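Positions are given from 1, in the same order as the sequence printed here. What you see is a predicted model; the values in this text were computed from it and never measured.
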Amino acid sequence: MSSHLPEPSHYPSYRKASEKENPTFRGEAHRTRSALSFAHGADTYHDVRPSYPGEVAELIADAHTVLDVGAGTGKLTETLTNPQVLACDPSPDMTRVLREQLGVPTWRSVAESTALGDASVDAVACAQTWHWVDVAKACGEFDRIVRPGGKVLLVWNTLDVGADPWLLRLARIMHSGDIQRPGFYPEVSAPWEITKELRLKWNHILTPEQLHQLMHTRSYWLRNTTKIHDRMTHNLNWYLYEHMGFSEGQALEIAYRTDAFVLTRAVAA
């Protein structure tokens, strides 16, 4: 009997890695629809998405009050050591898990409209968030809520697909669409400019089963149908167990990249 599933060996695995500066969307409607996929799946997200190296939080450690925007389940939030930490995210499921895990003041809002008063925080942090926002509007909002001399921190964790060809193929099977080229710079708008950057490489330990769960946290999975889920599951099982020869429960070193940027207000000429 024939199957609707594709032949995995035909999967385009070794094309050149992405050279994008940012993830690509077909327009605002596509960006919004993709972002809304995170309305569910927060528990899985919290279990398998990695945290952030401690060096990232140190970039804004001198700030008294920090708002983590698009905080998700609090992966970056939990690393912040500032005296006062606040968090917001548009997803009710994400904010539910964040409150349960950390208990920091948390509410639902977006980067373009945070619901905070003027000059109310010393720093804003955005982790895995910036590609979902309207950059000009978010930069304007941060200019309004961040006190003079304050900072904005932008952070990405991405699979280091350049570390080994098998990770590039893994990223494509999982539809990890948020991988930018090494050395990329995010788009920013006035009055903010990038004044410091941090580039790190490290390993995250996951089993094949957890890689399946990680795939379930991707926006492509979350917004798609059971038929697409079956195809992705079939491809990933074939790749991990048949092609790569991994075993259930095997601890795998997954290479990651962290790219972090500190923004400060441009000094007037």
query: Taking only residues two or more places apart in sequence, or in another chain, which ones meet Thr233 in a side-chain hydrogen bond (donor to acceptor under 3.5 Å, both in side chains)?
result: none
query: Mind checking what makes ring-ring contact (aromatic ring centres under 6.0 Å, His included) contact with His64, not counting sequence neighbours?
result: none
- request: With side-chain contact (heavy atoms from CB on, under 4.5 Å) as the test, would you mind laying out the steps for Ile228 and Arg231 before giving the verdict?
  value: CA-CA 5 Å; Ile228 298 297; Arg231 185 184 73 189; 4.0 Å; yes
- prompt: Phe184 vs Phe261 aromatic rings, parallel, tilted or perpendicular, using cut-offs 30° and 60°?
  reply: perpendicular
Salt bridge (Lys or Arg N to Asp or Glu O under 4.0 Å) pairs, two or more places apart, involving residues 66-81: none
field: Pairwise distance NE2(His46) to OG1(Thr217) - rounded to 0.5 angstrom
entry: 13.0 Å
field: Which residues share a ring-ring contact (aromatic ring centres under 6.0 Å, His included) with His212, sequence neighbours left out
entry: none
- prompt: Sequence neighbours excluded, which residues qualify as side-chain hydrogen bond (donor to acceptor under 3.5 Å, both in side chains) partners of Thr65?
  reply: Gln84
- prompt: Does Thr95 have any side-chain hydrogen bond (donor to acceptor under 3.5 Å, both in side chains) partners at least two apart in sequence or in another chain, and if so, which?
  reply: none
- line: Cluster membership besides Val110, Ile/Leu/Val/Met/Phe/Trp/Tyr side chains within less than 4.5 angstrom, sorted by chain and number, is none
task: Look at the aromatic rings of His243 and Tyr239 and report parallel, tilted or perpendicular, splitting at 30° and 60°.
output: parallel
- prompt: Does anything in residues 98-109 pair up under salt bridge (Lys or Arg N to Asp or Glu O under 4.0 Å), and if so which pairs, sequence neighbours excluded?
  reply: Arg96-Glu100
message: Can you pull out every salt bridge (Lys or Arg N to Asp or Glu O under 4.0 Å) where at least one residue sits in residues 191-205? Sequence neighbours excluded, please.
response: Asp160-Lys201, Glu197-Arg199, Arg199-Asp259
Would you mind writing out the side-chain donor-acceptor pairs for residues 246-253 within the sub-3.5 Å range, not counting sequence neighbours?
{"from": "Gln250", "atom 1": "OE1", "to": "Ser247", "atom 2": "N", "distance (Å)": "2.9"}
{"from": "Glu253", "atom 1": "OE1", "to": "Asn203", "atom 2": "ND2", "distance (Å)": "3.4"}

Test side-chain contact (heavy atoms from CB on, under 4.5 Å) applied to Trp221 and Met174, His175, His229, the passing residue: His229
message: Could you work out, with ring-ring contact (aromatic ring centres under 6.0 Å, His included) as the rule, every residue matching Trp107, not counting sequence neighbours?
response: none
query: Taking only residues two or more places apart in sequence, or in another chain, which ones meet Ala127 in a side chain to side chain contact (heavy atoms under 4.5 Å, CB included)?
result: Tyr52, Leu76, Val155
task: Would you please test Asp47 and Thr44 for side-chain contact (heavy atoms from CB on, under 4.5 Å) and show each step?
output: CA-CA 5 Å; Asp47 288 343; Thr44 301; 5.6 Å; no
